[in-house]
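In what follows, every chain begins at residue 1, and chains take the letters A, B, ... in the order their sequences are listed. Side chains included, hydrogens not; waters and symmetry mates left out as well; all remaining heavy atoms used.
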2 protein chains.
Amino acid sequence: MGRLEQTCRERGVKLTQPRRAVLEVLETSRDHPSVGEIHRRVRQRHRIALATTYRVLNRLTEAGVLTRHLFVDKAHYELAGRRHHHLIDRSTGRIVEIDDPALTALLEQALNRLGYRLVDYHLELTGEVERSG
Amino acid sequence: MGRLEQTCRERGVKLTQPRRAVLEVLETSRDHPSVGEIHRRVRQRHRIALATTYRVLNRLTEAGVLTRHLFVDKAHYELAGRRHHHLIDRSTGRIVEIDDPALTALLEQALNRLGYRLVDYHLELTGEVERSG
DNA sequence: GTATATGCAAAAGCTTTGCGGGTTC
DNA sequence: GAACCCGCAAAGCTTTTGCATATAC
């Protein structure tokens, strides 16, 4: 049994066909798909209703298995526990991941100074490619 | 004429009654109101359609006068040019501003290393109050 | 006077929900 | 077997759009 499915069990999330299918899609995705896109991908191999996709994503997010991000206009999901930043390239609209533990540490410190404990964060940077000539 | 209105003129944004009213609300707001909330506040003193509120906010954002943030589930606005971070207190749902120029500088550096120039950013931190006793 | 903005109402997207039937543990 | 989940369809929100009228410059 995969690590994710074990986490679900531990948190009282029943492992149904649709849930396994959604998890599988997110495990094999290297991008940050929207609900519609996740639904489309799952449907390539399984039968699933759009409403179910929404419910599964909500349930898994609530259980801490997934993380929800609100990018340009709708929700996008990824597996939880990934602490990184998202750079939105303004020219192409692409979402790039930036992995910088030092930045995370700094954020954590800033919050601690304010008396908070960092639970999650979502950094959305907008950048333009520097002209180098 | 206020600084904001001058900026609008310079950028070819006609100064209509509804636009002045929306700007006035955002100038006097210390929070980050949603579209519905902005509409509600403007309507306390002026006649304005919801569709107009949306169009005004889109136009002013496009002109760089306002900044749009996608928080929990919908768009929120504030005057542009404010570089700070937003901390969402998970227990209360309140949005708190964190002003930390050092953090901004670090973000800028990280982007430069990647060949990008920082245009804008939106940092959404989720935190819980630390138990201090 | 012309280009652009507004109001209203209708429509378009994304997301949630009620209900009967089905599945997991 | 009980609790929970799924599919379908309908409804709820936020946001956009078409069109006739009104306004800014």
Hey, can you pull the residues of residues 52-62 of chain A with a non-hydrogen atom under 4.0 angstrom from DNA chain C? A/Tyr54, A/Arg55, A/Asn58
Is A/Arg47 near enough to D/dC8 that one of its side-chain N or O atoms lies under 4.0 angstrom from OP1 or OP2? yes
Separation between CD1 (A/Ile38) and CG (A/Leu26), nearest 0.5 Å, reads 4.5 Å
Between B/Lys14 and B/Gly36, the residue closer to the 5' end of DNA chain D by nearest nucleotide is B/Gly36
Which nucleotide, C/dA9, C/dT17, D/dC5, lies nearest any side-chain atom of B/Ala51? C/dA9
Once you round it to whole Å, what is the distance between C1' of D/dT23 and CZ of B/Arg20? 12 Å
Distance below 4.0 Å between A/Thr16 side-chain N/O and D/dC6 OP1 or OP2: yes
Testing A/His46, A/Gln44, A/Arg45 one by one against A/Val42 for a side-chain contact (heavy atoms from CB on, under 4.5 Å), which residue passes? A/His46
May I have the distance from A/Ile48 (atom CD1) to C/dT23 (atom C1'), rounded to whole angstrom? 14 Å
Only residue of A/His39, A/Arg47, A/Arg41 satisfying side-chain contact (heavy atoms from CB on, under 4.5 Å) with A/Arg43 is A/His39
Atom pair CZ (B/Arg19) and CG (B/Leu57), whose distance is rounded to the nearest 0.5 Å: 10.5 Å
Nearest whole angstrom, please: distance from the C1' of D/dA10 to the CG of A/Leu50. 14 Å
